[in-house]
Asks: 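Sharing a structure with you now.
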Amino acid sequence: MTLTARPVPATRSGTAHDLITGLDGEPEGQTSPSVYETGRLVALAPWLDGHDRRVAWLLDRQRPDGGWGGAGGYALVPTLSAVEALLTVLHRDGPAAAPAAAAHRGLTYLTGALRAGAPPDLPATDLIVPALLTAVDRHLDGLAGPPPGLAEWAGRPRLPLPAGLDPARLTRVRGLLATGRPVPEKLAHALEVAGELAYRAPGVRPSASGAVGASPAATAAWLGGPEPGPALDYLNAVARPGPVPCASPITVFERAWVLGILVRAGVPVGAPEPVLTELRAAVGPSGAATAPGLPADADTTAVTLYALARLGRAPGVAPLAGFDTGAHFCTWPGEDGASLTTNAHVLDALGEQPSAPGVTGARRRITEWLLDRQEPDGRWEDRWHASPYYATYAVLLALADHAPDGAARAAVERGVAWLLGTQRPDGSWGRWDGTAEETAYAVLALADAGRPGDPRITPALARGRRRLSELDGCDGEPALWHDKDLYRPTRIVRAAVLAASGRAGATRTGAAPTMIRIA
């Protein structure tokens with residue numbers, strides 16, 4: 001069976017029961033469509049059904065300033081992908097006013113964006129940006145000349161590589177593919193950066209569903225054309241709506257986060273037996289992966305172990321051992337950088353099984369590592385989410401529940417103070433604007449980590465929940481999660497919003513929560 005994450009927006013309808021039912025009924029998961037990934041399919045797979053819908057979707061998503069995607073540096077990768085895709089369309093299909101005009105506006109935007117400094121720390125950005133810049137320059141300066149309507153871009157200086165990005169890593173990745181040796185699983189997710197070397201790369205193996213690296217773009221680059229088989233079946237399924245997500249399926253990730261959020265919030269979760277059985281089976285000796293074709297990672301492993309433990313299916317914490325660096329837990333071995341939310345989730349998982357061998361020492365090390373990385377104003381930031389409210393929520397809850405010593409409590413108090421101090425006048429929270437997602441994280445963090453009797457918390461929660469009821473649809477809200485492009489895991493966000501909305505009065509002051517009942 002092919003599993004593909006459906007790119008659908010959140011809606012105002014839906015209950016916790018609907019979420020749990022959907023985990024079993026739509027195991028592929030729900031996530032928002034990606035400009036980056038859709039642009040790659042436009043360029044790589046014009047033979048795939050829905051091509052015209054994808055082109056139209058890209059044109060419709062261009063911002064007034066000429067860019068695509070999120071705010072600030074988050075626009076760079078999707079804008080490069082959309083511009084290169086439209087240039088490919090113009091070269092392949094001939095003159096067309098709308099793609100030419102959109103490409104022109106996109107190129108104008110890029111001339112400034114590429115000089116604005118290093119882009120945010122998204123997966124494979126250091127590979128994607130050099131690959132797309134080379135492709136765009138090839139379109140503009142190729143033997144056939146620039147596409148019609150873009151003659152003014154011919155002969156201009158090459159688009160600059162942003163500061164901090166080194167093209168040498170892309171050269172090394174392509175060199176590895178050229179040898180035919182096996183490619184690390186994490187690289188398969190962005191196989192499209194390899195260009196022609198991606199085609200049937202002998203060092204890459206699709207999963208049983210036909211997906212390469214759980215990525216539509218990587219799969220299209222590997223397949224190369226409409227050859228019947230599992231890879232084409234996967235692409236036809238994921239691309240049926242037109243635009244596509246960055247990762248598909250997201251089965252384990254979605255199930256673990258939804259169940260973990262709900263049970264932590266006190267929601268009586270009656271998960272279907274097949275969901276629990278399959279979630280337990282997803283945890284192997286080396287951990288759990290978001291989807292087949294992706295490497296096992298400590299984040300997915302930890303949240304899965306935590307959810308299973310809270311639901312009475314504790315499998316032990318041994319699968320986390322391979323991610324322990326001695327100072328903190330890496331998301332995967334060889335990770336560039338480190339993740340605070342991964343370590344907060346590991347602390348949660350270890351805290352559910354405190355008597356397991358080595359857990360006491362590991363909890364102490366993670367706690368110290370997290371405390372050392374708190375920002376001066378009290379918040380935490382992380383590499384897997386654009387908003388500090390997600391990271392602060394994850395770390396605050398882990399510290400409050402599993403590291404209740406004096407130093408940790410002081411850090412929790414600083415984090416709570418930051419949340420209270422950054423609530424917007426309308427009661428919401430958010431990095432750029434108040435959003436339901438970020439407001440939910442702040443409400444859940446204050447409700448669980450606030451000091452009993454703190455008179456500031458009750459009114460802050462009341463204002464937050466009142467605003468949350470107004471924002472509760474999530475429609476039109478920015479995608480905030482990090483992949484090759486920003487994305488929104490729809491059911492996970494919905495779980496946080498429902499959990500926060502359904503805990504009226506549920507703080508550590510002793511007020512009784514209002515539970516969301518799941519029949």
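The analysis underlying the following values was restricted to heavy atoms, covering all of them including side chains, and did not include hydrogens, waters or symmetry mates.
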Asks: When you measure from the side chain of Asp126 to the backbone N and O of Leu165, does any donor-acceptor pair fall under 3.5 Å?
Replies: no

Asks: I'd like to check Leu76 versus Pro162 (side-chain heavy atoms, cut-off strictly below 4.5 Å). Are they in contact?
Replies: yes

Asks: Going by heavy atoms in the side chains, are Val77 and Leu122 under 4.5 Å from each other?
Replies: no

Asks: Search all heavy atoms of Ala289 against all heavy atoms of Pro295 and return the closest pair with its distance.
Replies: CB-O, 3.5 Å

Asks: Show the nearest heavy-atom pair for residues Pro319 and Thr301, with the distance to one decimal.
Replies: CB-CG2, 4.1 Å

Asks: Might you point out which heavy atoms bring Ala445 and Leu419 nearest each other, and give the distance in Å?
Replies: CB-CD1, 3.7 Å

Asks: Got a sec, which residues hit side chain to side chain contact (heavy atoms under 4.5 Å, CB included) with Ser81, two or more places apart in sequence or on another chain?
Replies: Tyr36, Arg40, Leu132

Asks: Could you tell me whether a side-chain N or O of Arg465 sits under 3.5 Å from a main-chain N or O of Ala500, the two making a donor and an acceptor?
Replies: yes

Asks: Tell me every residue that passes side chain to side chain contact (heavy atoms under 4.5 Å, CB included) with Ser286, counting only those two or more places apart in sequence or in another chain.
Replies: Ala296

Asks: Check for a donor-acceptor pair, side chain of Asp18 on one end and backbone N or O of Thr15 on the other, with a separation under 3.5 Å.
Replies: yes

Asks: Looking at Ser34, is its backbone amide N or carbonyl O close enough to the side chain of Asp485 to form a donor-acceptor pair, meaning the two atoms are under 3.5 Å apart?
Replies: no

Asks: Would a distance-only check, ignoring hydrogens and angles, find a side-chain to backbone donor-acceptor pair under 3.5 Å from Thr38 to Pro243?
Replies: no

Asks: For the atom pair CD1 (Ile261) and CG (Leu498), what is the distance rounded to the nearest 0.5 Å?
Replies: 10.0 Å

Asks: If you define the side chain from C-beta out and look only at heavy atoms, does anything of Asp348 sit under 4.5 Å from His345?
Replies: yes

Asks: Could you grab the distance from atom CG of Asp377 to atom OG1 of Thr422, nearest 0.5 Å is fine?
Replies: 8.5 Å

Asks: Got a sec, which residues hit ring-ring contact (aromatic ring centres under 6.0 Å, His included) with Tyr393, two or more places apart in sequence or on another chain?
Replies: Tyr441

Asks: Quick one: pull up CD1 in Ile366 and CG in Leu340 and give me the separation to the nearest 0.5 Å.
Replies: 11.5 Å

Asks: Show your working on side-chain contact (heavy atoms from CB on, under 4.5 Å) between Ile20 and Leu23 and close with a plain yes or no.
Replies: CA-CA 5 Å; Ile20 300 300; Leu23 296 178; 4.2 Å; yes

Asks: Between His482 and Asp121, do the side chains contain a donor N or O and an acceptor N or O under 3.5 Å apart?
Replies: no

Asks: Among pairs that include at least one residue of residues 411-431, which meet salt bridge (charged side-chain N to carboxylate O under 4.0 Å, His left out), considering only residues two or more places apart or in two chains?
Replies: Arg409-Glu413, Glu413-Arg451, Asp426-Arg467

Asks: Nearest 0.5 Å, please: how far is CH2 in Trp429 from CD in Glu438?
Replies: 11.5 Å

Asks: Once rounded to the nearest 0.5 Å, what's the spacing between atom CG of Leu262 and atom CG of Leu19?
Replies: 6.5 Å

Asks: Which residues pass the ring-ring contact (aromatic ring centres under 6.0 Å, His included) test with Trp369, not counting sequence neighbours?
Replies: His328

Asks: Mind jotting down which residue pairs meet the salt bridge (charged side-chain N to carboxylate O under 4.0 Å, His left out) criterion with at least one end in residues 296-316? Sequence neighbours excluded, please.
Replies: Glu273-Arg313

Asks: Run the salt bridge (charged side-chain N to carboxylate O under 4.0 Å, His left out) check on Arg365 and Asp324 step by step: do they pass?
Replies: CA-CA 10 Å; Arg365 286 186 285 111; Asp324 190 351; 2.8 Å; yes

Asks: Less than 4.5 Å apart, side chain to side chain, heavy atoms only: is that true for Tyr109 and Val83?
Replies: no

Asks: Are any of the side-chain heavy atoms of Asp401 and Arg264 separated by less than 4.5 Å?
Replies: yes

Asks: Run the salt bridge (charged side-chain N to carboxylate O under 4.0 Å, His left out) test against Glu37 and tell me which residues pass, sequence neighbours left out.
Replies: Lys484

Asks: Find the distance between CG (Leu305) and OG1 (Thr300) and round it off to the nearest 0.5 Å.
Replies: 10.5 Å

Asks: Not counting sequence neighbours, which residues clear ring-ring contact (aromatic ring centres under 6.0 Å, His included) with Phe253? List them please.
Replies: Trp257, Trp481

Asks: Could you name each residue pair satisfying salt bridge (charged side-chain N to carboxylate O under 4.0 Å, His left out) that touches residues 244-259, not counting sequence neighbours?
Replies: Glu254-Arg491, Arg255-Glu278

Asks: Run the side-chain contact (heavy atoms from CB on, under 4.5 Å) test on Ile492 and Thr31 for me, step by step, so that the C-alpha distance in whole Å, both residues' side-chain angles and the decisive distance to 0.1 Å come before the verdict.
Replies: CA-CA 9 Å; Ile492 293 172; Thr31 187; over 6 Å; no

Asks: Could you work out, with side chain to side chain contact (heavy atoms under 4.5 Å, CB included) as the rule, every residue matching Ala321, not counting sequence neighbours?
Replies: none

Asks: For Phe323, which residues count as a ring-ring contact (aromatic ring centres under 6.0 Å, His included) partner, sequence neighbours excluded?
Replies: none

Asks: Using side-chain heavy atoms (C-beta onward) and a distance below 4.5 Å, is Leu259 in contact with Leu276?
Replies: yes

Asks: Take Leu480 and Leu486, measure what side-chain contact (heavy atoms from CB on, under 4.5 Å) needs, and give me the verdict at the end.
Replies: CA-CA 6 Å; Leu480 297 169; Leu486 290 177; 5.7 Å; no

Asks: Assess whether side-chain contact (heavy atoms from CB on, under 4.5 Å) is satisfied between Gln353 and Val359, documenting all intermediate values.
Replies: CA-CA 8 Å; Gln353 302 181 59; Val359 163; 5.6 Å; no

Asks: Using atom types as modelled and distance alone, determine if a side-chain donor or acceptor of Thr79 lies under 3.5 Å from a backbone N or O of Trp68.
Replies: yes

Asks: If every non-hydrogen atom of Val317 is compared with every non-hydrogen atom of Ala349, which pair is closest and at what distance?
Replies: CG1-O, 3.9 Å

Asks: Is a side-chain donor or acceptor of Ser339 paired with a backbone partner of Arg383 at a separation under 3.5 angstrom?
Replies: no

Asks: Using a 4.5 Å cut-off on heavy atoms from C-beta on, say whether the side chain of Leu396 contacts that of Trp380.
Replies: yes

Asks: Provide the closest heavy-atom pair for Ala309 versus Glu352 in the form atom of the first, atom of the second, distance.
Replies: CB-CB, 3.9 Å

Asks: Checking ring-ring contact (aromatic ring centres under 6.0 Å, His included) for the pair Tyr389/Trp418: CA distance, chi angles, key distance, verdict?
Replies: CA-CA 10 Å; Tyr389 292 100; Trp418 178 75; 4.6 Å; yes

Asks: So Pro120 and Thr125, do their side chains get closer than 4.5 Å, heavy atoms only?
Replies: no

Asks: Name all residues meeting the side chain to side chain contact (heavy atoms under 4.5 Å, CB included) criterion together with Asp433; count only those two or more places apart in sequence or in a different chain, and write none if there are none.
Replies: none

Asks: For Pro123 and Ile128, work out which heavy atoms get closest and say how close.
Replies: O-CD1, 4.2 Å

Asks: Tell me if the CZ atom of Arg63 is crowded by more than 12 foreign heavy atoms within 6.0 Å.
Replies: yes

